[in-house]
Protein chains: 2
Amino acid sequence: MTFLLPQQTIFYQIEKALKRYRKLAQKTIDRAGYGVSINQVILLMNLKERPSANQAELAELIFKDFASVTRMIDLMVKKGFVSRIESKEDRRKKDLILTDLGNEMLENITPLIQEYRMIALDGFNPDEINSAFDFLKRITHNCEESTIKKTVES
Amino acid sequence: MTFLLPQQTIFYQIEKALKRYRKLAQKTIDRAGYGVSINQVILLMNLKERPSANQAELAELIFKDFASVTRMIDLMVKKGFVSRIESKEDRRKKDLILTDLGNEMLENITPLIQEYRMIALDGFNPDEINSAFDFLKRITHNCEESTIKKTVES
DNA sequence: CAATTATAATTGATATATCAATTAAAATCA
DNA sequence: TGATTTTAATTGATATATCAATTATAATTG
């Protein structure tokens, strides 16, 4: 069996697509002038949808590490998009509250997100996107530890 | 038009698949005990294929930033996998030489890379992989700046 | 040839990712 | 109830990503 150089594999192509997409996304939202990262915006969009979510839940929603979420929120608190208040029911938890500035920022950036998503998916039909979803979900599943044990044992 | 939360989009699924894959990859090569990252190994594999490549060429090959490559090489020099020598023809350039330890490490890690690639792609046939390649290349292309201008103008 | 421009690599600053360790509070349970 | 375990969040350490600025050298060109 021949060994493929990493950049000949599908994984490399996945990485490449994602990097280009992220760059486009960041460049597009930079136009709004709030000085936020895509990841920060995504975090706040999720918070807006689920105002009662704590940091652990948010981390799971956006598929990021707890530590990363803590630091992303630190930055957004400094920038005034969100405030972090000790929860009354459980003093280990923090309630996260979108500020007016945070809401305004989301309102202004949402159409820009629509814009770059449409650019990235230009020319694709729903079937193609669904197939890609399926493909990626299968890879995700294959890479899970529980799956691997079964594969190896069988 | 309804606005999808980020995690309902294909881009999020791409990110998720990639993260899981990276975690599997890192965990697998950790077994070899060299204390290297996947990215470092990938860089050295490319160097082995193209021994005369300078850092800029390597950066392009592995689709990373110059600055990242400089720092990755710093680390690998410290670990003794590669040595960095000023080029005789052009003193701005650095020649990168794989050490014996670097070669040994690659030899030992290559089968592990085969292993996790096979796990990640378990159950896929070549057609499916080709379709995915095609899909990802089209996204990559759509997100390029040159493409975007044309899309917007048309 | 001297001045300007381009190139290769490094460095700085900042954001994010990941893992481990820590802290504080809540929940469990013996 | 007091000791132990679990949970939520933070913090530390290190790797990587990205952009801008810098340094040293080479190439160009007026």
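Every value quoted in this text rests on a predicted model; they were computed, and no experiment measured them. Residue numbers start from 1 in every chain, and the chains themselves are labelled A, B, ... in the order their sequence lines are given, proteins ahead of strands.
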Inset, instruction - Could you pick out which residue, B:A56 or A:R92, lies toward the 5' side of DNA chain C when each is mapped onto its nearest nucleotide? - result: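 Looking at DNA chain C, the more 5' nearest nucleotide goes with B:A56.
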Legend entry - Euclidean distance, B:T9 OG1 relative to B:F3 CZ, rounded to 0.5 Å: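 Spacing of CZ (B:F3) from OG1 (B:T9) equals 9.0 Å.
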Starting at [atom1] of [X] and ending at [atom2] of [N], how long is that distance when rounded to a whole Å?
{"X": "A:L58", "N": "D:dA8", "atom1": "CG", "atom2": "C1'", "result": "13 Å"}
{"X": "B:I73", "N": "C:dT11", "atom1": "CD1", "atom2": "C1'", "result": "15 Å"}
{"X": "B:D74", "N": "D:dT14", "atom1": "CG", "atom2": "P", "result": "15 Å"}
{"X": "A:D90", "N": "C:dT28", "atom1": "CG", "atom2": "P", "result": "12 Å"}
{"X": "A:K93", "N": "D:dA8", "atom1": "NZ", "atom2": "C1'", "result": "8 Å"}
{"X": "B:N54", "N": "C:dT7", "atom1": "CG", "atom2": "C1'", "result": "10 Å"}
{"X": "A:K94", "N": "D:dT10", "atom1": "NZ", "atom2": "C1'", "result": "7 Å"}
{"X": "B:E86", "N": "C:dA9", "atom1": "CD", "atom2": "C1'", "result": "11 Å"}

Inset, instruction - Check whether any side-chain N or O of B:R84 sits under 4.0 Å from OP1 or OP2 of C:dT10, and answer yes or no. - result: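 The answer is yes; a side-chain N or O of B:R84 sits under 4.0 Å from OP1 or OP2.
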Legend entry - Heavy-atom closest contact (B:C143 atom, A:L24 atom, distance):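 Of all heavy-atom pairs spanning B:C143 and A:L24, the closest is SG-CD2, 3.8 Å.
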Legend entry - Over-ring placement of B:R20 relative to A:F63, 6.0 Å and 45° cut-offs: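 Here B:R20 fails the 6.0 Å and 45° test against A:F63.
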Legend entry - Any donor-acceptor N or O pair under 3.5 Å, side chains B:D30, B:Q26: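 Yes, side-chain donor-acceptor contact under 3.5 Å.
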Inset, instruction - Decide whether B:Y12 and A:F133 are clustered together by the hydrophobic rule: side chain heavy atoms of Ile, Leu, Val, Met, Phe, Trp, Tyr closer than 4.5 Å, transitively. - result: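 No, because B:Y12 and A:F133 fall into different hydrophobic clusters, even though each may have its own neighbours under 4.5 Å.
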Do any N or O atoms of the protein come closer than 3.5 Å to N or O atoms of nucleotides 15-22 of chain D, and which pairs are they?
unit_1	atom_1	unit_2	atom_2	d
D:dT16	OP1	B:S37	OG	2.3
D:dT16	OP2	B:Q40	NE2	3.3
D:dA17	OP1	B:K64	NZ	2.6
D:dT18	O4	B:R71	NH1	2.9

Inset, instruction - For B:Y34 and B:E104, run side chain to side chain contact (heavy atoms under 4.5 Å, CB included): C-alpha distance rounded to whole Å, both residues' side-chain angles, the deciding distance at 0.1 Å, then the answer. - result: CA-CA 10 Å; B:Y34 288 97; B:E104 179 208 298; 2.4 Å; yes
